[in-house]
Amino acid sequence: QVHVVESGGGMVQPGGSLRLSCVVSGGMFSLCHMNWFRQAPGKQRELVATITTDRITQYEDSVKGRFAASRENALNTVYLYMNALKPNDTAVYYCRAVLRGYVYWGQGTQVTVSS
């Protein structure tokens, strides 16, 4: 059974930084295609970042240059480094793993950007 667990969310002031972590257990992590999503209050869930098994990354336009995804396969972990955070980044952030065509979601971690 594959489990996905995010952590690292919290409150931060505009311009601040956070690092989110996502640990995947129960599967071959090196074969997992990984995504970060977020869902702000009253809005649809949106794809924020992707990192493939080959460490190729893609980002939603609004976070390009500010967010960076990485993976540490030895730790079964993907990260989302978030810099220059804006109030509009406030959302629940979800980690998603795709392995052999199956999709596994984390429970989400709240990121709140405010003064």
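Keep in mind the model is a prediction, meaning the values are calculated, not measured.
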Please list, one pair per line, the donor and acceptor atoms closer than 3.5 Å that link side chains of residues 25-36 to other protein atoms, with sequence neighbours excluded.
unit_1: Asn35; atom_1: OD1; unit_2: Arg96; atom_2: NE; d: 3.1
unit_1: Asn35; atom_1: OD1; unit_2: Arg96; atom_2: NH2; d: 2.8
unit_1: Asn35; atom_1: ND2; unit_2: Thr50; atom_2: OG1; d: 2.8

I'd like to know if Tyr94 and Val111 are part of one continuous hydrophobic network [Ile/Leu/Val/Met/Phe/Trp/Tyr, side-chain heavy atoms within less than 4.5 Å]. no
Closest non-hydrogen atoms of Gln107 and Val4, given as atom of the first, atom of the second and distance, are OE1-O, 3.7 Å
Is the backbone N or O of Val92 less than 3.5 Å from a side-chain atom of Gln39, with the two atoms forming a donor-acceptor pair by type? no
Looking only at atom types and distance, does a side-chain atom of Arg71 sit under 3.5 Å from a main-chain N or O of Asn76, one as donor and one as acceptor? no
Taking atom types as modelled and ignoring hydrogens, do the side chains of Arg19 and Tyr79 form a donor-acceptor contact shorter than 3.5 angstrom? no
Would a distance-only check, ignoring hydrogens and angles, find a side-chain to backbone donor-acceptor pair under 3.5 Å from Thr90 to Asn88? no
Is the number of heavy atoms from other residues, nucleotides or ligands within 6.0 Å of CZ (Arg100) greater than 12? no
Single-linkage hydrophobic cluster Tyr102~Val24, side-chain heavy atoms < 4.5 angstrom: yes
Could you label the plane-to-plane angle of the Trp105 and Phe37 rings as parallel, tilted or perpendicular, counting under 30° as parallel and over 60° as perpendicular? tilted
Are Lys64 and Asp61 ion-paired here, with the side-chain N under 4.0 Å from a carboxylate O? yes
For Cys95, does its backbone N or O pair with a side-chain atom of Glu6 as donor and acceptor, under 3.5 Å? yes
Side chain proximity check, Met82 to Arg66, heavy atoms < 4.5 angstrom: no
Let me confirm one number: the CG-OG1 distance from Leu99 to Thr53, rounded to the nearest 0.5 Å. 10.5 Å
Say whether, by atom type as modelled, one donor and one acceptor occur between the side chain of Gln58 and the main chain of Ile51 under 3.5 angstrom. no
Residues 7-18 side chain polar contacts: donor-acceptor under 3.5 Å, at least two apart:
unit_1: Ser17; atom_1: OG; unit_2: Asn83; atom_2: OD1; d: 3.0

Quick one about Gln110 and Thr112 (side-chain donor to acceptor, distance below 3.5 Å, no hydrogens or angles considered), yes or no? yes
Are Tyr104 and Tyr93 connected in a single hydrophobic cluster, I mean Ile/Leu/Val/Met/Phe/Trp/Tyr linked by side-chain heavy atoms less than 4.5 Å apart? yes
Specify the closest pair of heavy atoms between Tyr59 and Ala49, including all atoms of both residues, with the distance to one decimal. CD2-CB, 3.7 Å
